[in-house]
Amino acid sequence: MFSLAVYWGNCLLSILIAKLGTMINREKTTVLAIVSALPIFIITSIRYDVGSDYFSYRSIYELMQYGDSGRYEWLFYLMNRFVGFFDADPQWIFVVSAAIFLYCSFKRLWTDSPNPGLSIFLLMGSMIYFTYLNGMRQLLGCSICFYAIEYAYKRRPLPFFLLVFLASGFHQICVLFSIAYFLNWIKFDLKKALVAIAGTYVFSQTIFKFVINILADTSYGNYMLNDIDDLVTFIPINVAVWLFCVVFYNKNNPRYRLYLNCQFVMVLLSLFYWQIPLIARVMWTFWLLQIVLIPMALDGINPKVLRLFFGASIIILFFIYSSYSIAVNFSHNVVPYQTIWG
């Protein structure tokens with residue numbers, strides 16, 4: 001219970017700060033992003049033995065100070081070396097990573113979400129935040145991709161692909177986010193979407209063999225030998241999110257198409273559940289956009305009483321889902337919550 005109180009208490013504090021900030025000046029997105037992220041930033045930075053790979057990241061940090069980059073990407077290596085130049089304590093890598101992850105995530109949600117408070121809740125409720133506590137390196141790259149979506153919408157290729165390049169410097173899978181740049185041109189059509197789903201399913205084995213050949217000589221080739229993920233809830237929830245956002249398509253939001261198309265990519269990727277091990281990690285590349293897409297969909301629902309009903313239902317369901325996942329199933333080993341001071 002203590003761990004849940006820490007996570008949800010600080011999440012609530014961030015939401016309250018966001019609400020206050022909205023009332024004062026909604027346009028100051030950078031300041032609001034930083035201030036509203038502070039409660040979550042603090043608990044993320046001072047954590048100890050929280051997240052399955054916590055000690056792995058400490059060991060990696062120490063090894064990299066001797067010039068050993070291992071199998072890790074260049075920018076992740078440079079970040080570790082840069083931080084190590086100032087302090088040998090591995091805890092600082094969690095501080096710097098949290099700052100980047102939360103700034104990119106909060107800056108984007110403050111810019112694009114019609115309801116920043118709900119987006120902050122969904123960061124935890126969808127399990128993205130708790131996944132970050134374990135898969136820090138990949139989610140760090142994904143947050144940069146999330147930040148880059150602005151330039152895909154504005155059709156500015158140089159900053160978009162530069163940011164995706166930097167994101168791939170933390171995790172190579174982020175290169176996949178490059179396709180988001182072209183999704184803004186694709187108009188949503190339910191019939192075509194269903195055809196795409198059917199076609200992907202039929203040719204999934206062929207596509208899988210193609211992926212195997214590409215990854216064969218890379219550092220990620222061994223991942224293809226892993227067991228299939230047990231994704232009892234992750235895939236159904238993300239498919240359900242897409243269906244909900246299709247039913248309540250918000251025609252009044254010009255960015256909605258791009259966000260919905262990115263969620264559809266997650267649906268297509270989920271069809272490879274039986275072929276590609278760790279497919280969830282591939283889906284993570286587009287996951288963060290969901291915390292803005294859902295509030296966008298809700299914002300277009302009328303009458304207000306129906307909007308409130310679905311909003312309350314989403315909050316309750318995601319709260320139960322994430323709390324049960326971390327407290328009962330011990331997903332990502334983020335409980336019990338501990339700090340560097342004990």
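All values below were derived from every heavy atom in this structure, side-chain atoms included, with hydrogens, water molecules and symmetry-related copies excluded. Just so you know, these numbers come straight off a predicted model, no measurement behind them.
Looking at residues two or more places apart in sequence or on another chain, you find a ring pair (Phe, Tyr, Trp, His ring centres under 6.0 Å) between Tyr249 and Phe188, Tyr256. Every side-chain contact (heavy atoms from CB on, under 4.5 Å) that Phe82 has, sequence neighbours left out, goes to Phe86. Residues forming a side-chain hydrogen bond (donor to acceptor under 3.5 Å, both in side chains) with Thr29 (at least two apart in sequence, or on another chain): Lys107. Taking the side-chain hydrogen bond (donor to acceptor under 3.5 Å, both in side chains) definition, one finds that Ser323 meets it with Trp8, sequence neighbours left out. Tyr54 pairs by the side-chain hydrogen bond (donor to acceptor under 3.5 Å, both in side chains) definition with Arg58, Gln91, not counting sequence neighbours. Annotation: side-chain contact (heavy atoms from CB on, under 4.5 Å) contacts of Asn252 (sequence neighbours excluded): Asn250. Scored by the side-chain contact (heavy atoms from CB on, under 4.5 Å) test, Lys304 finds Arg307, Leu308 as partners (sequence neighbours excluded). Applying the ring pair (Phe, Tyr, Trp, His ring centres under 6.0 Å) rule to Phe244 yields the partners Phe248, Phe310; only residues at least two apart in sequence or on another chain are considered.
Counting heavy atoms from C-beta outward, Cys142 and Tyr132 have side chains that stay 4.5 Å or more apart. Between Tyr72 and Asn80 there is no side-chain heavy-atom pair separated by less than 4.5 Å. The side-chain heavy atoms of Glu73 and Leu75, taken from C-beta on, include no pair separated by under 4.5 Å. Side-chain contact check for Val334 versus Tyr7: some heavy-atom pair is nearer than 4.5 Å. Using a 4.5 Å heavy-atom threshold, the side chains of Tyr57 and Pro90 count as separate. Looking at heavy atoms from C-beta onward, Leu109 lies in side-chain contact with Ile291 at the 4.5 angstrom threshold. Looking at heavy atoms from C-beta onward, Phe41 lies in side-chain contact with Ser45 at the 4.5 angstrom threshold.
Counting Ile, Leu, Val, Met, Phe, Trp and Tyr side chains that sit under 4.5 Å apart, directly or through other members, Leu16 shares a hydrophobic cluster with Leu12. Chaining together hydrophobic side chains whose heavy atoms lie under 4.5 Å apart places Val328 alongside Tyr324.
Here the side chain of Ser270 pairs a donor or acceptor atom with the backbone of Val267 at under 3.5 angstrom. Here the side chain of Ser322 pairs no donor or acceptor atom with the backbone of Met127 at under 3.5 angstrom. Without hydrogens or angle criteria, Arg81 side chain to Met64 main chain gives a donor-acceptor distance under 3.5 Å. Side chain of Gln290 to backbone of Val241: no donor-acceptor contact under 3.5 angstrom is found. Remark: the backbone N or O of Ile237 is not paired with any side-chain donor or acceptor of Tyr321 at under 3.5 angstrom. Side chain of Asp299 to backbone of Pro295: no donor-acceptor contact under 3.5 angstrom is found. Proximity of a side-chain donor or acceptor of Tyr61 to a complementary backbone N or O of Gly84 within less than 3.5 Å is detected.
Residues Tyr129 and Thr44 have side chains that bring a donor and an acceptor to within less than 3.5 angstrom of each other. For the residue pair Thr131 and Trp287, no side-chain donor N or O sits within less than 3.5 Å of a side-chain acceptor on the partner.
Between atom CG of residue Asn261 and atom CE of residue Met266 there is a gap of 14.0 Å, rounded to the nearest 0.5 Å. Here the straight-line distance linking atom CG of Leu38 with atom CZ of Phe106 works out to 9.5 Å at 0.5 Å rounding. The CG atom of Leu288 lies 7.5 Å from the OG atom of Ser126; values are rounded to the nearest 0.5 Å. Expressed to the nearest 0.5 Å, how far CD1 of Ile186 lies from NZ of Lys192 amounts to 10.0 Å. Here the CD1 atom belonging to Ile173 is positioned 12.0 Å from the CE atom belonging to Met283, to the nearest 0.5 angstrom. How far CG of Leu269 is from CG of Asn238: 10.5 Å, rounded to the nearest 0.5 Å.
Outside the 6.0 Å centre-distance limit, the rings of Phe85 and Trp92 are not counted as a close aromatic pair.
A side-chain contact (heavy atoms from CB on, under 4.5 Å) with Leu293 is found for one member of Phe286, Trp242, Tyr259 and no other, namely Tyr259. Screening Leu20, Ile120, Asn10, Leu118 for a side-chain contact (heavy atoms from CB on, under 4.5 Å) with Ile15, the sole residue that qualifies is Ile120. Tested against Phe160 for a ring pair (Phe, Tyr, Trp, His ring centres under 6.0 Å), the candidates Phe182, Tyr181, Tyr151 yield a single pass: Tyr181.
Nearest heavy-atom pair, Val292 versus Ser119, reported as atom, atom and distance to 0.1 Å: CA-OG, 4.1 Å. Nearest heavy atom pair, residue Leu4 against residue Ala327, reads CD1-CB, 4.1 Å. Nearest heavy atom pair, residue Val50 against residue Pro336, reads CG2-O, 4.1 Å. Of all heavy-atom pairs spanning Ile40 and Ser14, the tightest one is CG1-OG, 3.5 Å. Shortest non-hydrogen contact noted between Ala152 and Leu258 is CB-CD2, 4.1 Å. Pairing each heavy atom of Thr285 with each of Val282, the nearest pair is OG1-O, 2.8 Å.
Summarising the local packing, CZ of Phe55 is surrounded by more than 12 heavy atoms from other residues, nucleotides or ligands at distances under 6.0 Å.
Screening residues 252-271 for salt bridge (Lys or Arg N to Asp or Glu O under 4.0 Å) gives Asp112-Arg255, Glu150-Arg255 as the qualifying pairs, with residues at least two apart or on separate chains. For residues 43-57, no residue pair satisfies the salt bridge (Lys or Arg N to Asp or Glu O under 4.0 Å) rule, not counting sequence neighbours.
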Start with the C-alpha distance between Phe318 and Phe121, add both sets of side-chain angles, then the distance that settles ring-ring contact (aromatic ring centres under 6.0 Å, His included), and finish with yes or no. CA-CA 9 Å; Phe318 272 101; Phe121 165 79; 7.2 Å; no
Verdict with reasoning, Phe177 to Ile149, per side-chain contact (heavy atoms from CB on, under 4.5 Å): CA-CA 9 Å; Phe177 197 76; Ile149 199 68; 3.8 Å; yes
Carefully, step by step, assess Ile34 and Thr30 under the rule side-chain contact (heavy atoms from CB on, under 4.5 Å). CA-CA 6 Å; Ile34 294 172; Thr30 300; 4.2 Å; yes
One pair to check against side-chain contact (heavy atoms from CB on, under 4.5 Å): Leu140 and Met79. What are the steps and the verdict? CA-CA 12 Å; Leu140 183 57; Met79 182 180 73; 4.0 Å; yes
Does the side-chain contact (heavy atoms from CB on, under 4.5 Å) test come out yes or no for Asn134 and Asn333, once each step is laid out? CA-CA 8 Å; Asn134 176 31; Asn333 291 326; over 6 Å; no
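Using cut-offs of 30° and 60° for the angle between ring planes, the Tyr103 and Tyr147 rings count as tilted. Taking the six-membered ring where the residue is Trp, Phe76 and Phe170 present perpendicular rings, their angle passing 60° and hence far from 30°.
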